[in-house]
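Worksheet for the structure shown next.
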Amino acid sequence: MSAPRPTPTVAAILTPIGQGGIAVLHVAGPRAFELAAALFRPKSGGAAAPDARRLFYGHLVDGGEVVDEVLVRRVPAAGAGEDRVEVNCHGGLVAVQRVLECFTRRGAEAVEPQAFVQRTARGPIEAEAAEALQHAATPLGVEVLLDQLEGALERALRALPWERPADAAPALRALLATERLGRALWQPLGVALVGPVNAGKSSLFNALAREDRMIVSPTPGTTRDAVSARVALGGLPVRLTDTAGEREPASPIEREAIRRARAAAAEADLAVLVLDGSSAQEPPKRLADAAGLVALNKCDLGLAPWARALPDALAVSAMRGEGLDALAGRIAAALVGEATREPGRAVVFTERQRRLLAEALARIEAGEPDAARRAVEQVFRKG
Ligand SMILES: Nc1nc2c(ncn2[C@@H]2O[C@H](COP(=O)(O)OP(=O)(O)O)[C@@H](O)[C@H]2O)c(=O)[nH]1
Ligand SMILES: [Mg+2]
């Protein structure tokens with residue numbers, strides 16, 4: 001019989017590789033602090049030992065060579081005796097691999113995120129967060145999902161005031177209200193740009209996607225198909241779809257393009273109506289009524305009186321880039337609500353969590369607090 005193998009120290013890249021500007025590595029196990037202390041040179045010159053919940057900025061130095069600029073912190077681990085360190089580094093494939101290698105050369109074992117979570121996860125929320133992080137394509141997504149991986153949601157659920165069930169209900173409702181944001185951060189919602197031909201939908205699509213992948217043409221009816229791109233809007237990853245314009249079809253091909261545009265708009269979680277706000281001709285009222293959000297494009301040419309009179313419409317210029325950040329923010333708010341984004345905030349981010357918390361709320365309302373509590377505990381308990 002051999003002696004039990006010592007617990008290995010494992011390292012994994014938890015963010016999707018090659019996406020976004022940042023990458024996050026976790027190193028867990030008995031040697032996690034030792035390795036981090038050996039590799040990390042804090043900029044402040046202070047103690048190298050990473051402290052709980054405090055980020056340390058500095059360099060990762062291996063063999064006298066600066067490998068990367070990093071942020072390091074100790075992850076407050078609920079698991080008994082498990083030391084864990086988080087390293088934030090540059091997100092490029094090469095940079096993050098080099099950082100990982102610094103740890104593996106010194107004896108840590110590099111593992112896939114799934115294997116990492118299987119070994120170290122304290123409960124289902126953490127496993128779900130690791131899975132979701134693999135799909136988080138924006139810094140906001142990484143930030144929020146890391147908070148949940150590190151226990152923000154679990155702490156909020158454990159702190160529910162069961163001695164006063166009447167107070168637990170609003171707390172649950174507040175948590176449930178974060179679910180659209182939580183889900184959208186890793187399961188991108190769809191946004192379609194719709195509206196009349198020549199309003200500037202394709203130009204706006206390009207401006208929001210910040211690259212020229214669409215045909216832009218002064219000839220009406222050029223965009224023949226619905227085309228999508230993954231873009232970050234207001235911190236959310238969004239599947240943005242450009243569509244052919246609405247007008248009387250001049251050909252069967254155009255009729256088909258319009259049919260597809262309508263289908264794309266119907267499938268989308270939000271349709272943004274793009275109008276040429278500089279045009280003297282007022283668009284049909286039914287258009288504005290059908291859309292979730294109205295963008296008055298070509299504001300660089302000045303807005304027509306009808307456009308200025310439209311309530312809640314947003315003036316933008318795809319050509320000059322004016323109003324695009326505001327539009328991105330309005331799109332994000334329309335999709336997930338004006339969710340506040342303080343660091344460390346609890347966010348519900350999977351359908352399983354939502355279902356159990358909705359059930360808990362229903363039980364409280366039915367006067368069954370014990371059943372409610374059991375439903376909540378299922379969210380974070382193993383088993
Ligand atoms: N002045 C101005 N022209 C624009 C703007 N956005 C688009 N255009 C022009 O409007 C025309 C139609 O644009 P396009 O994006 O193809 O419209 P779509 O048919 O709605 O996709 C092109 O000539 C664009 O250069 C803008 O913000 N300002
Ligand atoms: Mg177009």
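Each residue takes its place number in the sequence, starting with 1.
In this structure a side-chain-to-backbone donor-acceptor pair under 3.5 Å is missing from K201 to V274. No donor-acceptor distance shorter than 3.5 angstrom exists from the side chain of R31 to the backbone of A108, with no hydrogens or angles considered. K298 places no side-chain N or O within donor-acceptor distance of the main-chain N or O of S279, the cut-off being under 3.5 Å. Panel note: side chain T243, backbone L193; a donor-acceptor pair is recorded below 3.5 Å. N297 places a side-chain N or O within donor-acceptor distance of the main-chain N or O of A318, the cut-off being under 3.5 Å. Side-chain atoms of R84 do not come within 3.5 Å of backbone N or O of V75 as any donor-acceptor pair. Put simply, the side chain of E126 never gets that close to the backbone of Q148: no donor and acceptor are under 3.5 Å apart. Between the T138 side chain and the G235 main chain, a donor and an acceptor come within less than 3.5 Å of each other.
Using a 4.5 Å heavy-atom cutoff, the side chains of W306 and L296 are in contact. Using a 4.5 Å heavy-atom cutoff, the side chains of L327 and L293 are in contact. Under the 4.5 Å side-chain criterion, counting only non-hydrogen atoms from C-beta, L145 is not in contact with V347. Two residues are said to be in side-chain contact when any heavy atoms from C-beta on lie closer than 4.5 Å; L25 and L14 fail this criterion. I364 places a side-chain heavy atom less than 4.5 Å from the side chain of W162. Within the 4.5 Å cutoff, the side chain of L157 has heavy atoms near those of the L175 side chain. Side-chain contact between R330 and D312 is present, with heavy atoms from C-beta onward closer than 4.5 Å. V142 is listed as a side-chain neighbour of L133, based on a closest heavy-atom distance under 4.5 Å.
Separation of atoms CG (L60) and CZ (R41) is listed at 9.0 Å; rounding is to 0.5 Å. One distance of note links CD of E34 with OG1 of T9; it measures 8.0 Å at 0.5 Å rounding. We find the CG-CG distance between D276 and L301 to be 7.5 Å, quoted to the nearest 0.5 Å. Separation of atoms OH (Y57) and NZ (K43) is listed at 4.5 Å; rounding is to 0.5 Å.
Screening residues 315-324 for side chain to side chain donor-acceptor pair (under 3.5 Å), with sequence neighbours left out, gives D300-S317.
Under the 4.5 Å side-chain contact rule for hydrophobic residues, F205 and M319 do not share a cluster.
Residues forming a salt bridge (charged side-chain N to carboxylate O under 4.0 Å, His left out) with E109 (at least two apart in sequence, or on another chain): R119. Taking E131 as the reference, nothing meets the salt bridge (charged side-chain N to carboxylate O under 4.0 Å, His left out) condition, with sequence neighbours excluded. Here E69 pairs with nothing under the salt bridge (charged side-chain N to carboxylate O under 4.0 Å, His left out) rule; sequence neighbours left out.
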Exercise answer: donor-acceptor pairs, residues 87-103 side-chain atoms, under 3.5 Å, sequence neighbours excluded:
residue: N88; atom: ND2; partner: E86; partner atom: OE2; Å: 2.9
residue: H90; atom: ND1; partner: D68; partner atom: OD1; Å: 2.6
residue: R98; atom: NH2; partner: E65; partner atom: OE2; Å: 2.8

Under 3.5 Å, sequence neighbours excluded: what are the donor-acceptor pairs made by side chains of residues 348-357?
residue: T350; atom: OG1; partner: E128; partner atom: OE2; Å: 3.2
residue: T350; atom: OG1; partner: Q353; partner atom: N; Å: 3.1
residue: E351; atom: OE1; partner: R183; partner atom: NH1; Å: 3.3
residue: E351; atom: OE1; partner: R354; partner atom: NE; Å: 2.9
residue: E351; atom: OE2; partner: R354; partner atom: NH2; Å: 2.8
residue: R352; atom: NE; partner: E128; partner atom: OE2; Å: 2.7
residue: R352; atom: NH1; partner: Q378; partner atom: O; Å: 3.2
residue: R352; atom: NH2; partner: E128; partner atom: OE1; Å: 3.1
residue: R352; atom: NH2; partner: V379; partner atom: O; Å: 2.7
residue: Q353; atom: OE1; partner: F349; partner atom: N; Å: 2.7
residue: Q353; atom: OE1; partner: T350; partner atom: N; Å: 3.1
residue: Q353; atom: NE2; partner: E128; partner atom: OE1; Å: 2.7

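A salt bridge does not link R374 with E368: every distance from a Lys NZ or Arg NE/NH1/NH2 to an Asp or Glu carboxylate oxygen is 4.0 Å or more. Under 4.0 Å is where a charged nitrogen must lie from a carboxylate oxygen, and between E150 and R73 at least one such pair does.
Screening V85, L149, T120 for a side-chain contact (heavy atoms from CB on, under 4.5 Å) involving H26 leaves a single residue, L149.
By the 30° and 60° cut-offs, the orientation of the rings of F56 relative to F40 is perpendicular.
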